[in-house]
Amino acid sequence: MISALMVRDLYKRYDNGFEALKGINLVVEQGDFFALLGPNGAGKSTTLGILSGLVQKTSGEAQILGNDVNRQAFLARRDLGVVPQEFNFNQFEKVLDIVLTQAGYFGITRQQAYGQAKTLLTELDLWDKRDQQSRLLSGGMKRRLMIARALIHQPKVLILDEPTAGVDIELRRSMWSFMQSLNRAGTTIILTTHYLEEAEQLCRNIAIINHGEIIQSTDMRSLLAQLNSETFVLDLVAPLTQPCQIDGYDVVSASGDDSLQVSVTKGQPINAIFTALDAQGIAVRSMRTKSNRLEELFVDLVRGDNA
Ligand code: ADP
């Protein structure tokens with residue numbers, strides 16, 4: 001089967017001489033939900049820009065469903081929907097018009113596009129706003145409008161650049177479920193995100209990019225399995241009267257604190273922690289992971305890459 005996305009030896013040097021991509025390789029299969037993750041300046045937007053035809057590559061190859069993004073630009077773009085980070089629609093144009101105008105770029109008439117526009121705007125909770133100028137929408141609504149616009153020509157591959165940046169939790173969850181149902185219906189989804197929890201929740205496969213190079217490309221489960229330790233925060237019923245130690249575990253605690261942190265290495269049981277705390281008369285009220293597991297892993301990988 002043809003891959004949804006194929007990038008080979010992709011290299012980008014900007015006019016000022018800066019090498020933003022140093023020969024990256026990526027394959028995303030049809031039907032996948034894929035995350036491209038990396039810190040600021042890693043090269044994510046450059047990669048997406050090349051795929052969507054906004055940035056000219058220096059060398060290498062990039063294809064959408066087997067069509068070269070430069071040589072077969074129309075075919076490649078027909079199969080691709082892109083949701084960029086910045087709102088880039090006409091602020092004075094009305095919501096429905098923005099979506100219908102976009103259809104025109106793909107040779108779809110307004111009449112032909114109307115049904116799909118209605119479906120999308122309804123699903124994204126924007127149908128009631130269809131006659132409003134886009135500048136009057138809230139930030140969350142503008143973001144959903146960007147998604148509706150990207151989907152109007154029913155692309156098989158959807159690329160989202162930081163789709164939930166600055167979006168509140170409730171809206172983030174509803175966007176997640178929208179993206180999941182889209183993916184279940186067969187759309188390949190590729191997203192970049194800084195919300196690592198988002199990648200962990202949604203994506204089956206992941207590539208991590210840093211300084212213009214792919215430093216990991218694997219499935220989410222194997223990536224998480226590489227995690228060697230996890231830090232838990234235990235909230236205590238009463239403040240500690242003295243620092244606490246647990247044999248075999250790395251504990252961070254101080255007298256007077258009403259919580260403590262325990263690092264657990266892969267394979268170490270966590271019930272031994274509670275037994276030890278019980279013996280010291282320390283009662284635990286609740287327990288949570290200190291930070292996102294993927295984030296811990298990411299920090300490790302990037303540190304390794306820079307070393
Ligand atoms: P990301 O999306 O991962 O934050 P970008 O692809 O936007 O990263 O940027 C990668 C690197 O390329 C950054 O160091 C950025 O400063 C540089 N860069 C981006 N656009 C240009 C440009 N037009 N000219 C020169 N350098 C650029």
Side-chain angles (χ1 to χ4, degrees), residues 4-28 32-64 68-70 73 76-77 80-89 139 142-143 146-147 150 157-167 172 175 179 188-200 202-203 205-218 220 223 292 294-307:
L5 171 80
M6 196 283 292
V7 159
R8 191 182 296 144
D9 296 329
L10 195 62
Y11 180 83
K12 173 65 185 176
R13 183 200 296 268
Y14 280 108
D15 288 344
N16 63 359
F18 186 81
E19 288 180 302
L21 296 178
K22 300 169 189 164
I24 65 164
N25 293 289
L26 273 181
V27 174
V28 179
D32 201 358
F33 207 135
F34 188 93
L36 182 63
L37 216 81
N40 266 330
K44 301 182 297 295
S45 298
T46 301
T47 307
L48 302 189
I50 292 171
L51 291 169
S52 53
L54 297 172
V55 174
Q56 201 58 39
K57 67 183 187 231
T58 305
S59 63
E61 265 188 274
Q63 295 179 356
I64 303 292
D68 187 279
V69 297
N70 296 121
R77 248 165 263 173
L80 181 66
V82 181
V83 183
Q85 269 180 53
E86 313 289 334
F87 301 132
N88 60 355
F89 38 68
K142 286 179 181 166
R143 206 152 279 288
M146 298 277 283
I147 295 177
V157 183
L158 180 67
I159 291 183
L160 301 123
D161 198 0
E162 306 258 352
T164 56
V167 160
R172 191 180 311 164
M175 282 171 66
M179 289 188 264
T188 307
I189 301 187
I190 299 156
L191 60 86
T192 74
T193 178
H194 275 116
Y195 293 105
L196 303 169
E197 186 203 359
E198 185 159 80
E200 193 178 343
L202 296 174
C203 300
N205 291 297
I206 184 167
I208 298 180
I209 182 168
N210 196 34
H211 298 308
E213 289 175 292
I214 303 285
I215 57 171
Q216 275 272 324
S217 188
T218 181
M220 191 62 76
L223 187 78
N292 181 287
L294 194 54
E295 194 144 44
E296 287 186 1
L297 179 69
F298 182 63
V299 169
D300 283 352
L301 286 172
V302 170
R303 207 178 279 143
D305 181 58
N306 288 337

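Note that ligands are numbered from 1 as they come in the structure, with each ligand's atoms numbered from 1 the same way. Everything quoted here is computed from the prediction, not taken from an experiment.
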Element-labelled atoms of ligand 1 that are located less than 4.0 Å from some non-hydrogen atom of Ala42: 1 (P), 3 (O), 8 (O)

For Ala20, atoms of ligand 1 separated by under 4.0 Å from a heavy atom: 12 (O)

pair Thr218-Asn205: side-chain heavy atoms closer than 4.5 Å: no

Under 3.5 Å: N/O of Phe18 near N/O of ligand 1: no

Per-atom contacts of ligand 1 with Lys44, taking only distances under 4.0 Å to non-hydrogen atoms: 1 (P), 2 (O), 3 (O), 4 (O), 6 (O), 8 (O)

Interfacing atoms of ligand 1 (cut-off 4.0 Å, heavy-atom, Pro39): 3 (O)

Counterpart residues, side-chain hydrogen bond (donor to acceptor under 3.5 Å, both in side chains), relative to Ser217 (two or more places apart): none

Listing, residues 17-26 side-chain donor-acceptor contacts under 3.5 Å, not counting sequence neighbours, or none:
from	atom 1	to	atom 2	distance (Å)
Glu19	OE2	Tyr11	OH	2.5
Lys22	NZ	His211	O	3.2
Asn25	OD1	Asp9	N	2.9

Gly43 heavy atom under 4.0 Å from ligand 1: yes

Is_contact(atom 6 (O) of ligand 1), protein non-hydrogen, under 4.0 Å: yes

Ligand 1 contact by Gly49, heavy-atom criterion under 4.0 angstrom: no

Exceeds 12 heavy-atom contacts within 6.0 angstrom, atom CG of Asn16: yes

Flag, side chain of Thr192 to backbone of Asp161, donor-acceptor distance under 3.5 Å: no

Proximity of Thr46 to ligand 1 by residue part, where a heavy atom lies under 4.0 Å: both

Side chain Lys12, main chain Gln56, donor-acceptor under 3.5 Å: yes

Top protein contact for atom 10 (C) of ligand 1, by heavy-atom distance: Gly41 O, 3.3 Å

Distance from atom 26 (N) of ligand 1 to nearest protein heavy atom, with residue and atom: Tyr14 CD1, 3.4 Å

Element-labelled atoms of ligand 1 that are located less than 4.0 Å from some non-hydrogen atom of Asn40: 4 (O)

Note, Ile64 side chain near Arg77 side chain (heavy atom, < 4.5 Å): no

Whether Thr58 side chain and Arg13 backbone form a donor-acceptor pair below 3.5 Å: yes

Contact bool for atom 15 (C) of ligand 1 (protein heavy atom, d < 4.0 Å): no

Backbone N/O of Thr47 and side chain of Lys57: donor-acceptor pair under 3.5 Å: no

